[in-house]
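Below, chains carry the letters A, B, ... as their sequence lines are ordered, and counting in each starts from 1. All figures in this text were calculated on a predicted structure; none of them were measured in a lab.
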Amino acid sequence: MNNSTQVSIPERFKPQEIEIKWQNKWAQDQTYTPDLKRASKPYYNLMMFPYPSAEGLHIGNMYAFTGVDIHGRFMRMQGFDVFEPIGLDGFGIHSENYAIKVGRTPSEHAKISQVNFYRQLHQIGNGFDWSKSLETYDPDYYRWTQWIFVEMFKHGLAYRAKAEVNWCPSCKTVLADEQVIDSKCERCSSAVLKKDLEQWFFRITAYAQRLLQNTYKPQFNWPEKVKIGQRNWIGKKEGININYQIENSSETVNVWTSRPDTNFGATFIVIAVDHPLCQKIVTKEFSMKAKSYIRIAINKPKDIRLAEGRLKTGVFTGAYAINQLNGYKMPIWISDFVLMDVGTGAVVGVPGHDKRDFEFAHAMGIPIKRVVVGTDGDTSEITRIDQVQEEAGTMMNSGFLDGMYIHEAMIKVMDYLENKGWGKRVTVYHLRDWLISRQRYWGAPIPMIYCEMCASEGKSWFTSEEGRYVGQNPKSQISNPNDQKIGNWKLEIGNSMRSMVGWYPVPEAELPVLLPDVKDWKPTGTGEGPLASVERFYETTCPECFGRAVRETDVCDTFLDSSWYYLRYPSVRSFEDGKEKLDIETRNLEVLKNQEIKNSKIHDQKNPSSYFKKSEILPWEDDVTKKWMPIDSYIGGAEHTVLHLLYTRFTWMALKDWGFLKVGQPKKAEFDPDEPFKRFFAHGLIIKDGAKMSKSKGNVVVPDELIALYGADTLRTYLMFLGRFDQGGDFRDWGIAGMHKWLYRVWRLVTESGSSHQESSVAAKKTMAKTIKGVTQDIERLHYNTAIAKLMEFTNWWMDHKEGIDSTIIKSFLLMLAPFAPHMTEELWQQIRMLEVEREKLGNDSKNLDILRNQEIKKLRNQDQKSPNSNFKSIHKEPWPTYDPKLIIEDMVTIIVQINGKLRDSLSINHEDGQIQSIVEKLTLNSAKVRKWLGNYKIKKTIFVPGKLINFVI
RNA sequence: GCCAAAGUGGUGGAAUUGGUAGACACGCAGGUCUCAAAAACCUGUGGCUUCAAAAACCGUGAGGGUUCGAUUCCCUCCUUUGGCACCA
């Protein structure tokens, strides 16, 4: 450039050095550790915690966490006390299988992967509060998971019932759905069978109505598609249960239908292969055929049945049910397309108005009756599937319903059936109860004890002193103002009492039930979990009669672990200052020691009132919970938008109903305290080469190498630039270098102009004002990709106008870049601040500034990280930049000139004139271009949008 | 089959409520600097017609509609992705 030897050489951009330095500084400064008790503007920024897989954190996790972190950093700069915790959802089948594969126990493996995950989570540069991290396999955590199970039980929401599992006869073990491939075992390829097992369920259906209703409240700030997902899953349907008398029998068949309006067209009944009536009503003539059909159908795996498509099979029972409406004799069939666990396990067939019923009737030669006329007016007989009339219409061939529109007929016929005592209106839900039991090892043991002795006497916890006490005073535990919403509490208890004979929850003082270390376990061959072969685990004494008893050996579904973790974060036990969190082993020992002490006291606690006393000891601190709940923002993957969120909402509601949860109350109606999340946002997925990343496809990208090469700042910014945060993006390796180039350019622009101190030009101020406005709006909407684009636009402008940019503008720019590239911006920010301090001391003696600057940078770099710097204030705690709205108003506007809606010219005009149609019209019509296009045509119409557009219609 | 989301240059993607389609980037091409290379910087880059410029025309999965004007709203269809699945 010039001959001067004094030109300062910009400091090289060394992300690896800078990043570690600032991560340490932030930790020392506790930049991201809010005072949970004293925070004045709490903002709980929650992200879905990761499932620690074998490979470690992958780029998809990093994408999600970075997006959430940017939101958190933005809110912090808006003046909020942001709490952003992280943890590990570490129980579950994948960890268990992987551990088996590498020959470790799951807990050994968990320790290794925990170290790896936390290392990776540190290096991505998120503003995590590391003093509050948790792991679901930590006894200190699952103690409370078990406590929630116990409370579910005590409140009648946990019960046992039979449910089908996948069973591999060769491995003698239960398989998860995902371990079944083409109805064969993933490990040994033998055919998978179905097996009925007694399992634990949570009665989430008792909350179905409330879970549904809340989604319609205006405060329910979730994306529409996620709301729809929740509603469809709950799947509320109004219908009627009809009891049909079986001819020549004392039995009746009970059928639920949502279309009783078409009941005059019912010509048959179908019951499930495992319906109890199968044993009772089949006539001798048909019994052989029926038995063989049932035997084959009952073991037919689900996917084989699916592969057979809509092909309808079935057997006639020989029995008939009478349709009371018209006396029609409906043959009763048995078929595998009817499922026992849906509705009443029986269907009434109306083949004229249901395609599936038509297929069945058609295949079996059952008569088809038309009872509805659609808009096409077709009243002919229905002989082809495309004639099946499922849409709305008018009734015919339906006695007293004839001529009515179906909706009117629906009400009339339901009233009629109810009046006659033949049916009863019933609302059903697609939602089924939550299956908690897993016949596995790596999970929280279900904290229940079964006592054979008590069972033989018909006793259970519900007949114990404590159980009776709670049972008599349900209201003392439930603070639910709208009780009918959760169903009849006493009834639930009643239901549980009957099926729970012999069962006792592990006394709270004995929790946690520790998962024993097992070096080698084998399937028991009975369908029980691996713990069933660990004698020292399952052998115990009955809390009631002190006789020999056994523990439940199933473990909890991991969805239970993740249904309450956000409640634990703010109350995670802090260990002594300066001490690292205890590792699992040490903590296990600690808990064991406590348990010994507890065990010795356990049986002193026979006084029922102690139950209530103990309920004061909770997994959370009331004051902290009240301050931070409900969650301000929850962001997570779209794949969890149904199950995880539904279970979480249910757990929250239950804990709240029982009075365990003290929630912050809204001042107006800005949020709903009945819901755990004020706002939920679903981010998109990162794909690679057009497909979701998965190990089997071999397209998993690991962030470590990329961070080593480019630094976390580059990777973060690149990931956020790929596409809109709610839509995900396609990861390509070659794009990241471009992002690195840009950040380096920013580095150079800032360091090069660091020593200049001229005034900003008006143009620069305007450009920055526009940038602040745009970037702020984009970040608020989580449109990070366009926010980055706007910052890039600014740097492009900067390149051409270096002389007009002062440190105020540079600082605004760095503040906006800070959430994306937190390390680099911190470094540059601190350099500028030091320089400013020095400049104040020296006055504007520019001669020495370059030298000074280099000295300061050296100082900064070599700063002893251990010595606290009282002057330090992180860029991440600085307020977000603001702008003067007056600067946004452009002097000149561009008016688009259209003729018949096509762009023909544009006109630059000053802002005021651009608002006035007559001026714009006059100027436009003067333009030669426009005159050429108008020719001799007459202008029929002129459309004018002030400041934007004028359109002549000719 | 049902539910949800999406389809825009060679590529990833932009385009508040309908108002300049392709912002920003990647890639590519040409250039400056250099002995050379890298880095950096500059210029160009939807298609088509054209030596070029200017200009016109075509263009947001396909077809139709509403409108002065449609990537945006409506209808039909096709394709892709995710979820559920014989749900009575």
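- Each of His430(A) and Ile228(A) lies near RNA chain B, and the nucleotide nearest Ile228(A) is the one positioned closer to the 5' end.
- For Arg904(A), the side-chain atoms get nearest to A56(B) when compared with the rest of A25(B), A56(B), U20(B).
- Spacing of P atoms, C75(B) relative to G22(B), comes out at 29 Å, to the nearest Å.
- Listed nucleotides C87(B), G19(B), C42(B) differ in distance to Asp800(A); the shortest reach to its side chain belongs to C42(B).
- Residue Arg745(A) has a polar side-chain atom (N or O) positioned under 4.0 Å from OP1 or OP2 of C41(B).
- Pair assignment for G1(B) gives C84(B), based on Watson-Crick or G-U wobble hydrogen-bonding distances that are each under 3.5 Å.
- With a 3.5 Å ceiling on both atom-pair distances, the Watson-Crick or G-U wobble partner of C77(B) is G61(B).
- Here the P atom of nucleotide A23(B) and the CD atom of Gln777(A) are 21 Å apart, to the nearest Å.
- A salt bridge does not link Glu793(A) to Lys790(A): none of the charged side-chain nitrogens sits closer than 4.0 Å to a carboxylate oxygen.
- Figure legend. A29(B) is base-paired to U43(B); pairs are counted as Watson-Crick or G-U wobble with both atom distances under 3.5 Å.
- For Lys941(A), a side-chain nitrogen or oxygen approaches OP1 or OP2 of C68(B) to under 4.0 Å.
- OP1 or OP2 of A23(B) has not a single side-chain nitrogen or oxygen of Asn796(A) nearer than 4.0 Å.
- In the interface, the side chain of Lys790(A) is not paired with the base of C24(B) through any donor and acceptor atom under 3.5 Å apart.
- Using a 4.0 Å heavy-atom criterion, one finds that Val953(A) contacts the sugar-phosphate atoms exclusively.
- Distance noted for atom P between G47(B) and G59(B): 16 Å (whole Å).
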>> Phe731(A) vs Tyr718(A), test: ring pair (Phe, Tyr, Trp, His ring centres under 6.0 Å). Steps then yes/no.
In response: CA-CA 9 Å; Phe731(A) 186 90; Tyr718(A) 173 64; 5.6 Å; yes

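- Atom pair Asn900(A):CG and C57(B):P shows a separation of 12 Å (rounding to whole Å applied).
- In this structure, NZ of Lys355(A) is placed 13 Å from P of C87(B), rounded to the nearest angstrom.
- Heavy-atom distances to RNA chain B give each of Arg724(A) and Asn951(A) a nearest nucleotide, and the one nearer the 5′ end belongs to Arg724(A).
- Both tests hold for Arg231(A) against Tyr216(A): distance to the six-membered ring centre under 6.0 Å, angle to the ring axis within 45°.
- No contact: Asp357(A) has no heavy atom under 4.0 Å from any strand.
- Around atom NZ of Lys236(A), more than 12 heavy atoms belonging to other residues, nucleotides or ligands sit under 6.0 Å away.
- In this entry the distance linking CZ of Phe725(A) with C1' of A14(B) reads 19 Å, nearest Å.
- The residue Gly229(A) sits apart from the nucleic acid: no heavy atom pair falls under 4.0 Å.
- C51(B): no Watson-Crick or G-U partner with both key distances under 3.5 Å is found in any strand.
- Nucleotide G9(B) carries a syn base; the chi torsion (O4'-C1'-N9-C4 or O4'-C1'-N1-C2) is within 90° of 0.
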Could you pull out all donor-acceptor pairs under 3.5 Å where a side-chain atom in residues 939-954 of chain A meets a protein atom, sequence neighbours excluded?
from      : atom 1 : to        : atom 2 : distance (Å)
Asn951(A) : OD1    : Asn900(A) : N      : 3.4
Asn951(A) : OD1    : Gly901(A) : N      : 3.0

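- With both pairing distances under 3.5 Å, U71(B) is matched to nothing as a Watson-Crick or G-U wobble pair.
- Rounded to an integer number of Å, the gap from Arg781(A) CZ to U17(B) C1' is 12 Å.
- Checked against the 6.0 Å centroid criterion, the rings of Tyr244(A) and Trp422(A) do not qualify as a close aromatic pair.
- For the P atoms, the distance linking C73(B) with A15(B) amounts to 14 Å, nearest Å.
- Shown here, A23(B) forms no base pair; nothing in the strands shown gives a Watson-Crick or G-U wobble contact with both key distances under 3.5 Å.
- The C1' atoms of G18(B) and G65(B) are separated by 15 Å, rounded to the nearest whole Å.
- For A14(B), the OP1/OP2 oxygens have a side-chain nitrogen or oxygen of Asn785(A) closer than 4.0 Å.
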